[in-house]
Amino acid sequence: MNASAPSPDPAALYADHLATMMRRADEALARSGHDHLVVPSGTQHWQVFDDRDYPYAVNPQFKAWLPLTRLPYSWLVHTPGQRPRVVYYQPFDYWHVVPDAPNGWWTDHFDIHIIRKPEEALALLPQPAARCAILGEPQSALGDHVPNNPEPALLYLEYQRSCKTPYEIAMMRQAQRMAVRGHRAAEAAFRAGHSEFGIHMAYCAAVGQDAGELPYGNIVGLNEHAAVLHYTELQRAAPNPLRSFLIDAGASFHGYASDITRTYAHDTGSEFQAMIDAVDAAQQRMCQGVRAGVDYKQLHVDAHLALMGILKEFGVITVSPEAALATGVSFAFFPHGLGHPIGLQVHDVAGFAESDRGGRIPRPQGHPYLRMTRVLEPGMVVTIEPGLYFIDMLLDEVKQNGHAGSVDWARVDAFRPYGGIRIEDEVLCTEGEADNLTRPAFAEAQAAAA
Ligand code: GLY
Ligand code: MN
Ligand code: MN
């Protein structure tokens, strides 16, 4: 199935997803030696010396079971062999909008208990608390039910979560479609000369989400700002002249994230546009490398060589890609990892996990920001996000380290005003060819607009 197929009915996929979650929970409990899995959704957090709360962020272990991302003070309870229970907090409150009564396709599968006060959950949690594996943050403690986060259970669940169920893939495809709507609106706003803030607003309006719902803060950088990897300043005025635009922005759907980056040149006949095109073509080849049995670390190192090949072709470096990699010069131009696992969290868990019982696969030396060191398996979704940047701080280090001769500095000066390039898609590893989740969503949107 690809993004041009009709969206599947989540209800049809959810039952199997839940069955998988229950099987995994049974095994996690067997490993940790507990009788019940108990997962609080999390609580509100308050700003110090103030009565304002921080935006609520649901416990990912809770939303792994339920498409409920705005339901603090609620609980999921799983006991092997029993129907799972949801303790659903729906307060009486005339200050705020309270959560709707439970509704939708997930409700058929649970015993649901409504509570009006957080402490009412206590009577609905399994006893004794010592027999419960409770996965959550310390603030979720209720009576004796204090999150204990048993490591064998967490290691197992996080490792298993790397391989997505068909339900999860469907949610992630929808998160792609939503983000793509924003990306297309953002490009139009850039072409119309809007500021970073204006582009950000156009993005949010098109997606229908703002900071409270987006999976991470939008990165919207014009000109040199594209060189700041996590630039989130959002200038209110557009620079003059406009040269380039990098946008790294996603969307959330039922708790699942997308994470997409595109880079544009204002002058589409420019050399910078040609460099974008070269990175884009290389990125698509890298995406095809997402196959079962492939070591992600190798994809990352191969990406360095491919990107340095582009810089050589454009006359920015004077040495071979291999030499640039060996001396650390390539790190100055591509100073982050090729990508990361993604799913319920934009930087999803278990990227370094050696097994479901623990162990950590180290990063290759000289690559301190790589977030994924595992061998790919069917069902994993990873980002592929190569980039090339012109970052003064890192280029100064190249000079200090005695490698100034590896770089044509006049060419660096020519590209510096554009900041940098990043292209990022999500890719599903299958039994066969890579399944790029992002590109079909762009193609679908383009076809619909034609
Ligand atoms: N948006 C953050 C990242 O690409 O990892
Ligand atoms: Mn990103
Ligand atoms: Mn990413």
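Just follow the structure's listing: the first ligand is 1, and inside any ligand the first atom is 1.
The shortest N/O to N/O separation between H340 and ligand 1 falls below 3.5 Å. By the 3.5 Å distance cut-off applied to N or O atoms, H230 is not counted among the residues near ligand 1.
The cationic group of R236 lies under 6.0 Å from the six-membered ring centre of F197 and within 45° of the ring axis, placing it in a cation-pi geometry. In this structure, R177 fails the cation-pi test against F253, since its NZ or CZ atom is not both closer than 6.0 Å to the six-membered ring centre and inside 45 degrees of the ring normal.
The nearest protein atom to atom 3 (C) of ligand 1, hydrogens excluded, is given as D259 OD2, 3.3 Å; this is a heavy-atom distance. With respect to atom 5 (O) of ligand 1, the closest heavy atom belonging to the protein is H347 NE2, 2.6 Å.
Under the 4.0 Å criterion applied to side-chain N and carboxylate O atoms, R23 and D26 are not assigned as salt-bridge partners. Ion pairing between D435 and R173 holds under the 4.0 Å rule for side-chain N and carboxylate O. With respect to the salt-bridge test (charged N to carboxylate O, under 4.0 angstrom), the residues D408 and K312 do not qualify. Taking a cutoff of 4.0 Å between a charged side-chain nitrogen and a carboxylate oxygen, R24 and D356 do not qualify as a salt bridge.
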Item to complete: Determine, stepwise, if the pair D280 / R439 fulfils salt bridge (charged side-chain N to carboxylate O under 4.0 Å, His left out).
Response: CA-CA 11 Å; D280 188 67; R439 301 265 168 175; 2.9 Å; yes

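Between W65 and H78, the ring-plane angle classifies as tilted under the 30° and 60° cut-offs.
Near E424, meaning under 4.0 Å from any of its heavy atoms, are these atoms of ligand 1: 4 (O).
At a cut-off of 2.8 Å, measuring from the Mn ion (ligand 3), the protein N, O or S atoms that fall short of it are D259 OD2, H340 NE2, E385 OE2, E424 OE2, waters left aside.
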